[in-house]
Amino acid sequence: MELINSDNKLKREFYTRDLLLVARELLGKIFVKEHDGEKLRGRIVEVEAYDGDIDEAAHTFRGLTKRNEIMFNEGGYLYVYFTYGAHYCCNVVTGIKGKGTAILIRGIEPLDGLSTMIKNRFDGRLPGEKDMHNLTNGPGKICQAFSISREHYGIDLTGNKIYLLEQPNIKTELIKVSKRIGIKKSVDLPWRFYIKDNPYVSKR
DNA sequence: ATCAAGATTACCT
DNA sequence: GGTAATCTTGATA
């Protein structure tokens with residue numbers, strides 16, 4: 001029996017809803033990337049929301065540019081950006097067309113394709129049990145483990161390269177909310193959501 | 001054309 | 001606790 005049913009992809013209507021609602025509901029969903037015929041899978045455990053209308057930290061705050069173009073599309077596309085000369089970060093675009101909103105994926109609990117992720121992150125050197133969380137507990141680390149980069153910019157999440165699988169929503173009492181990490185503007189917005197006590201949530 | 005900042009990470013003391 | 005690495009992007013001229 002298949003533990004994970006690959007036919008229950010989240011549909012467009014999931015993503016085109018309100019930013020903060022989608023952000024909370026992304027927790028617990030399964031992120032899948034088809035990687036050289038192999039499926040890399042993990043469970044989303046930490047996210048942050050960004051909204052260009054009122055949020056100075058959002059890449060869309062100052063209007064349309066070549067980089068942020070996909071964030072103004074309707075929900076259900078992948079926004080990938082490069083930062084600090086070294087790292088890619090991936091985001092889920094949300095809302096209706098014209099709204100510059102997206103959700104940064106900051107923490108994933110790996111489920112399938114562990115050996116490929118370990119190869120991508122640590123050149124195959126197996127981390128100790130105690131350090132396993134270091135595989136995917138941060139936005140740059142996730143992109144390295146899942147081998148996500150520039151070429152994945154704008155991918156349609158209702159397609160079959162990168163997509164999310166339906167899962168029951170996480171119970172409210174297990175969801176923690178906080179200020180976002182690593183930004184210098186709009187620092188007080190409580191738009192970071194994560195699953196309580198999960199070891200794959202990033203550190204400050 | 002030039003330049004400063006950045007939704008980070010790894011490594012140092 | 002602190003900070004260097006590294007390069008793309010967006011803003012300013």
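FYI, side chains are in, hydrogens and waters are out, and symmetry mates aren't considered; it's all heavy atoms of this structure. Here the structure is a predicted model, which is why all the values come from computation and not from measurement. Numbered from 1 within each chain, the chains take letters A, B, ... in sequence-line order.
- Taking A/Y50 as the reference, A/E48 meet the side chain to side chain donor-acceptor pair (under 3.5 Å) condition, with sequence neighbours excluded.
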Nucleic acid footprint by protein, nucleotides 1-13 of chain C - heavy-atom cut-off 4.0 Å, B for base, S for sugar-phosphate alone: -----BBSSSS--

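- The two residues A/A49 and A/A23 have their closest heavy-atom pair at CB-CB, 4.4 Å.
- Atom pair A/Y81:OH and B/dA5:P shows a separation of 18 Å (rounding to whole Å applied).
- Residues from residues 113-144 of chain A lying near DNA chain C, meaning a heavy-atom separation below 4.0 Å, are absent.
- A/F82 and A/L78 fall within a single hydrophobic cluster, where Ile, Leu, Val, Met, Phe, Trp and Tyr side chains are chained together by heavy-atom contacts under 4.5 Å.
- Within 6.0 Å of atom NZ in A/K184, 12 or fewer heavy atoms from other residues, nucleotides or ligands are found, so the atom counts as exposed in its surroundings.
- One finds no salt bridge joining A/K185 and A/E56 here, because no Lys/Arg side-chain nitrogen approaches an Asp/Glu carboxylate oxygen to under 4.0 Å.
- Both cation-pi conditions hold for A/R192 and A/Y194: the charged atom is under 6.0 angstrom from the six-membered ring centre and inside a 45 degree cone around its axis.
- Under the 4.5 Å side-chain heavy-atom criterion for Ile, Leu, Val, Met, Phe, Trp and Tyr, A/V47 and A/L165 are members of distinct hydrophobic clusters.
- To the nearest angstrom, C1' of B/dT9 lies 13 Å from CD1 of A/I181.
- DNA chain B is contacted by A/L104, A/R106 of residues 101-109 of chain A, taking any non-hydrogen atom closer than 4.0 Å.
- At whole-Å resolution of the value, CG in A/N91 and P in B/dT8 are 11 Å apart.
- Placement of A/Y163 and A/V45 in two distinct hydrophobic clusters is found when ILVMFWY residues are connected by side-chain heavy-atom separations under 4.5 Å, directly or transitively.
- Using a cut-off of 4.0 Å between Lys/Arg side-chain N and Asp/Glu carboxylate O, A/R12 and A/D156 are scored as salt-bridged.
- For A/R62, the salt bridge (charged side-chain N to carboxylate O under 4.0 Å, His left out) test picks out no residue, with sequence neighbours left out.
- With ring centers used as reference points, A/Y79 lies 6.0 Å or more from A/Y77.
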Strand DNA chain B in bracket notation, Watson-Crick/G-U under 3.5 Å with | for pairs to another chain: ||||||.|||||.

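- Look at A/K97 and A/E74 and you find no salt bridge, because none of the NZ, NE, NH1 or NH2 atoms lies under 4.0 Å from a carboxylate O.
- With rounding to whole Å, A/Y194 atom OH is found 17 Å from B/dA7 atom C1'.
- Of the charged side-chain nitrogens involved, at least one lies within less than 4.0 Å of a carboxylate oxygen, so that A/R180 and A/D55 count as a salt-bridged pair.
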